[in-house]
K.L.:
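Encoded as structure tokens, here's the structure I'll be asking about.
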Amino acid sequence: MRRTLLCTPQFRALRPTKQMDFFSSLLKEATNLTVRTRFAPSPTGYLHIGGARTALFNLLFARHNKGKFVLRIEDTDVARSTEESIKAILDGMEWLGLHWDEGPFFQSRRFDLYREHAYKLLESGEAYRCYCAPEELEARREAAMKEGRPPKYDGRCRDIHEKQDKPFALRFKVPPGTTVVRDVVKGAISFDNSTIEDLVILRSDATPTYNFCVVVDDATMDITHVIRGDDHLNNTPKQILLYKALGHELPVFAHLPMILGSDKTRLSKRHGATSVMAYKEMGYLPHALINYLARLGWSHGDEEIFSMNDLIEKFTLESVGASSGVFNPEKLLWLNQHYIKATPDDELAGLVAPFFESLGLKVSGDARMAKIAGTLKERSKTLKEMAESGAFYFKDKIEYDPKAAEKFLSPDNDSLFALIIERIEPINAFNHKSLEEAFNAILAEKDLKLGKVAQPVRVALTGGTVSPGIFEMMEAMGKETVLARLNGARSHMKSLAAK
RNA sequence: GGUCCUAUCGUCUAGAGGCCUAGGACGUGGCCCUCUCAAGGCUGAAACCCGGGUUCGAAUCCCGGUAGGACCGCCA
């Protein structure tokens, strides 16, 4: 599904309703209005995958159009909002490098503003006092659901004009007619207003509700493009009506398709990690997640790898797809490995160090770190995996895998090890090249294949049969450790022979 | 139950009526390389949901079905 540019035959061939979508989005650019987008999470949990993508697309669109990206915390539900959540969300965005230009603004500090607007609607007759008790409403809703009727508020307080001495909420009076949502990714969608209920805009405790705050905020913060998950699509007609009642110009709407789990239901904890910070802990690079999220729902031809600058340059709302997508951890892993491989060794050393530490290994200040990371980067999908498979470098005493030791550290290899030690001990430039030369010489003298020598050495150095190439590994490990472990292996062989 | 959205390989997607024998990527099979494991290279299998229409021609436009999803709060 691709949206086209103006003035092409394809565009003119579109139905008039579809054409409106383009006009509304292009108008903003034509009038030179500064593009302003926002990410508006509610602080009732951590920053999750879906939220992160919404934030990303908002940022990308703003940057692409040289506009501003605003962060707003929607904490009108005082009971459910927490400080920890706010921090978690900010941390997540920070880690991903999603930097906002303005904010964070807190709705909880703007209650007066919402009340003011709500009462303006009361005065103009576009809102009314509703005296129904919440419990009563709840009972009616349940009854309606049970009988298969739409659970819509019946508007029974619409015509009560005298103020009563009872607690009341303010409801918006939904006018008759049809409301059309012009959405850049979904097209034009029309809603019959009779299916929209008179929503509460101000609760009986005088706190404002979500749909109302969003409109007041987006309008007063001059948000030009509302980019959010398509779970808000059904809220949009209500909000459009509110915009109109308040006398504000409409923003451009872009509803992003949902991210689904492997069973094609909405992504949730059941599908594994959904918290952005969990990916940090699992050893993912932030840009790998960014690249993955960008490509989930958006594409640019056949390209897969995008730097942040590429994304900003190439991102348009027109090339966002309309259908929901399944989160694919496998592909994320591939991207993560790609970016690990692309990270310079010294930088990687700093990134992977905490993962070694959490394995109980002291690595801080170890000068070998960059080289070690270099030997590991082509065989690690995550930083965590990298630390696990490289743990042997830092062990004080290596433990042999019993099977590997039995097969490769048998006493008859002792003379070979003695020779290896003798040859590498005098090497001063202890590197890949000189080591390979020394081994080649031994191989030639003894008429052996590398395979016969490499595996025993590998087991002696790492304890197992899987590791980076032996020469690069020995260089990274350092002469001292290599010699110690080779000698250790000889001791092991001798103790076996003595039995 | 009502409203709304969506539909191309297992997954993410390219596709703008003829460039389609449907392309790329992840994953997956095979081969090569090779000191193990990777990485890398080559190569294979794998999709237009179904039915009608419009058209000389439909993956593409329209309608209907089906399937999936979202929303229907004094939650956000």
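Letters go in sequence order (proteins before strands), and every chain restarts at 1. We use all heavy atoms of the structure for the numbers below, so side chains are in, but hydrogens, waters and symmetry mates are not.
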K.L.:
Does S204(A) have a side-chain nitrogen or oxygen under 4.0 Å from the phosphate oxygens OP1 or OP2 of C74(B)?
P.N.:
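For C74(B), neither OP1 nor OP2 has a side-chain N or O of S204(A) closer than 4.0 Å.
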K.L.:
Check whether any side-chain N or O of E313(A) sits under 3.5 Å from a backbone N or O of D310(A) as a donor-acceptor pair, and report yes or no.
P.N.:
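No: the side chain of E313(A) does not pair with the backbone of D310(A).
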K.L.:
So which nucleotide from C4(B), A76(B), C74(B) ends up closest to the side chain of N234(A)?
P.N.:
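Nearest to the side chain of N234(A) among the choices is C4(B).
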K.L.:
From C-beta outward on R458(A), which listed nucleotide comes closest to its side chain: C26(B), U36(B), G27(B)?
P.N.:
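Within the option list, the nearest is U36(B).
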K.L.:
Report yes if at least one side-chain N or O of R203(A) is closer than 4.0 Å to OP1 or OP2 of C75(B); otherwise report no.
P.N.:
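Checking C75(B) against R203(A), a side-chain N or O does come within under 4.0 Å of OP1 or OP2.
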K.L.:
Counting only side-chain heavy atoms from C-beta out, which of A39(B), C5(B), C74(B) sits nearest to D230(A)?
P.N.:
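Between A39(B), C5(B), C74(B), the one nearest the side chain of D230(A) would be C5(B).
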K.L.:
Within the structure shown, what part of the strands sits under 4.0 Å from Y292(A) by heavy-atom distance: base, sugar-phosphate, or nothing?
P.N.:
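No contact.
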K.L.:
Among G69(B), C4(B), A76(B), which is the nearest nucleotide to the side chain of I189(A)?
P.N.:
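Shortest atom-to-atom distance from the side chain points to C4(B).
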K.L.:
Compare side-chain N and O positions of T265(A) against OP1 and OP2 of G69(B) and report whether any pair is under 4.0 Å apart.
P.N.:
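Result: no.
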K.L.:
Which one, U6(B), A70(B), U3(B), comes nearest to the side chain of K186(A)?
P.N.:
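My answer, after comparing the listed nucleotides, is U6(B).
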K.L.:
Over 60° means perpendicular and under 30° means parallel, so tell me whether Y46(A) and H48(A) are parallel, tilted or perpendicular.
P.N.:
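Perpendicular: the ring planes of Y46(A) and H48(A) meet at over 60°.
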K.L.:
Using purine N1 to pyrimidine N3 plus N6-O4 or O6-N4 for Watson-Crick, or N1-O2 and O6-N3 for G-U wobble, both under 3.5 Å, which nucleotide pairs with G44(B)?
P.N.:
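U28(B) - that is the nucleotide pairing with G44(B), both distances being under 3.5 Å.
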K.L.:
What interatomic distance, in whole Å, is found between C1' of C37(B) and the corresponding atom of C49(B)?
P.N.:
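Each nucleotide's C1' atom is 43 Å from the other's.
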K.L.:
Measuring only the P atom in each nucleotide, how far is C62(B) from U54(B)? A whole number of Å is fine.
P.N.:
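Roughly 15 Å separates the two P atoms.
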K.L.:
Is E83(A) salt-bridged to K87(A), cutoff N-O under 4.0 Å?
P.N.:
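Judged by the 4.0 Å cut-off on N to carboxylate O distance, E83(A) and K87(A) do not form a salt bridge.
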K.L.:
Which nucleotide, G69(B), A76(B), C71(B), lies nearest any side-chain atom of R266(A)?
P.N.:
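For the R266(A) side chain, the nearest candidate turns out to be C71(B).
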K.L.:
Give me the distance, rounded to whole Å, that separates A59(B) from G18(B) when you measure between the P atoms they each carry.
P.N.:
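Their P atoms lie roughly 10 Å apart.
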K.L.:
Does A16(B) have a Watson-Crick or wobble mate here (both distances under 3.5 Å), and if so which one?
P.N.:
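Pairing partner: none.
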K.L.:
How far apart are the closest heavy atoms of A254(A) and V185(A), and which atoms are they?
P.N.:
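Distance-wise, the nearest heavy atoms are CB-CG1, 4.0 Å.
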K.L.:
Return the nucleotide paired to C33(B): Watson-Crick means purine N1 to pyrimidine N3 with N6-O4 or O6-N4, wobble means G-U with N1-O2 and O6-N3, both under 3.5 Å.
P.N.:
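Checking every strand shown, C33(B) finds no partner, since no pair has both distances under 3.5 Å.
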K.L.:
Taking the minimum atom-to-atom distance to the side chain of W334(A), which one of C35(B), C74(B), G27(B) wins?
P.N.:
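Closest of the options to the side chain of W334(A): G27(B).
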K.L.:
Tell me the interatomic distance from Q337(A), atom CD, to C37(B), atom P, rounded to whole angstroms.
P.N.:
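Nearest whole value for this atom pair: 16 Å.
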K.L.:
Picking from G69(B), C74(B), C37(B), which would you name as closest to the side chain of R379(A)?
P.N.:
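Nearest listed nucleotide: C37(B).
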K.L.:
Quote, to the nearest angstrom, the P distance that separates G23(B) from A14(B).
P.N.:
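My reading of the P atoms in G23(B) and A14(B) gives 15 Å.
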K.L.:
Would you call the rings of F471(A) and H432(A) parallel, tilted or perpendicular, taking 30° and 60° as the class edges?
P.N.:
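Geometry flag for H432(A) against F471(A): tilted rings.
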K.L.:
Considering every strand shown, what is the Watson-Crick or G-U wobble mate of G73(B) when both distances are under 3.5 Å?
P.N.:
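Base-paired to nothing in any strand shown.
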K.L.:
Between K341(A) and G40(B), is there a contact of a side-chain N or O with OP1 or OP2 at under 4.0 Å?
P.N.:
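Yes.
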K.L.:
Keeping D183(A) on the side-chain end and H255(A) on the backbone end, is there a donor-acceptor pair under 3.5 Å?
P.N.:
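Yes; judged by distance alone, with no hydrogens or angles, the pair exists.
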K.L.:
Using the P atom as the reference point in each nucleotide, state the distance between A39(B) and A25(B) in Å, no decimals.
P.N.:
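Pairwise P distance, A39(B) against A25(B), rounds to 16 Å.
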K.L.:
Using atom C1' in both nucleotides, what's the gap between C9(B) and C4(B) to the nearest angstrom?
P.N.:
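Comparing C1' positions in C9(B) and C4(B) gives a spacing of 29 Å.
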K.L.:
Report yes if the distance between the aromatic ring centroids of Y210(A) and H232(A) is under 6.0 Å, otherwise no.
P.N.:
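Close enough - the centres of the two rings lie under 6.0 Å apart.
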K.L.:
From C74(B), A39(B), C4(B), pick the nucleotide closest to the side chain of E378(A)?
P.N.:
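Nucleotide nearest to E378(A)'s side chain: A39(B).
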K.L.:
Could you tell me how far A38(B) sits from C33(B) if I compare only their C1' atoms? Round to whole Å.
P.N.:
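Pairwise C1' distance, C33(B) against A38(B), rounds to 13 Å.
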K.L.:
Between P on C4(B) and CG on D231(A), what's the gap in Å once rounded to a whole number?
P.N.:
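In whole Å, C4(B) P and D231(A) CG are 18 Å from each other.
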K.L.:
Looking at G10(B), A76(B), A39(B), which one has an atom nearest to any side-chain atom of T209(A)?
P.N.:
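Ranking G10(B), A76(B), A39(B) by closest atom to the T209(A) side chain puts A76(B) first.
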K.L.:
Taking only the side-chain nitrogens and oxygens of K331(A), find out if one of them lies under 4.0 Å from OP1 or OP2 of U13(B).
P.N.:
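So the side chain of K331(A) is outside the cut-off, no N or O lying under 4.0 Å from OP1 or OP2 of U13(B).
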K.L.:
So what does N235(A) touch, heavy atoms closer than 4.0 Å: a base, only the sugar-phosphate, or nothing?
P.N.:
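Contact class for N235(A): base.
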K.L.:
What integer number of Å spans the P atoms of U43(B) and C26(B)?
P.N.:
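Looking at atom P only, U43(B) and C26(B) are 14 Å apart.
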K.L.:
According to the Watson-Crick and G-U wobble definitions, with both distances under 3.5 Å, which nucleotide is paired to C9(B)?
P.N.:
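By the stated definition (distances under 3.5 Å), nothing pairs with C9(B).
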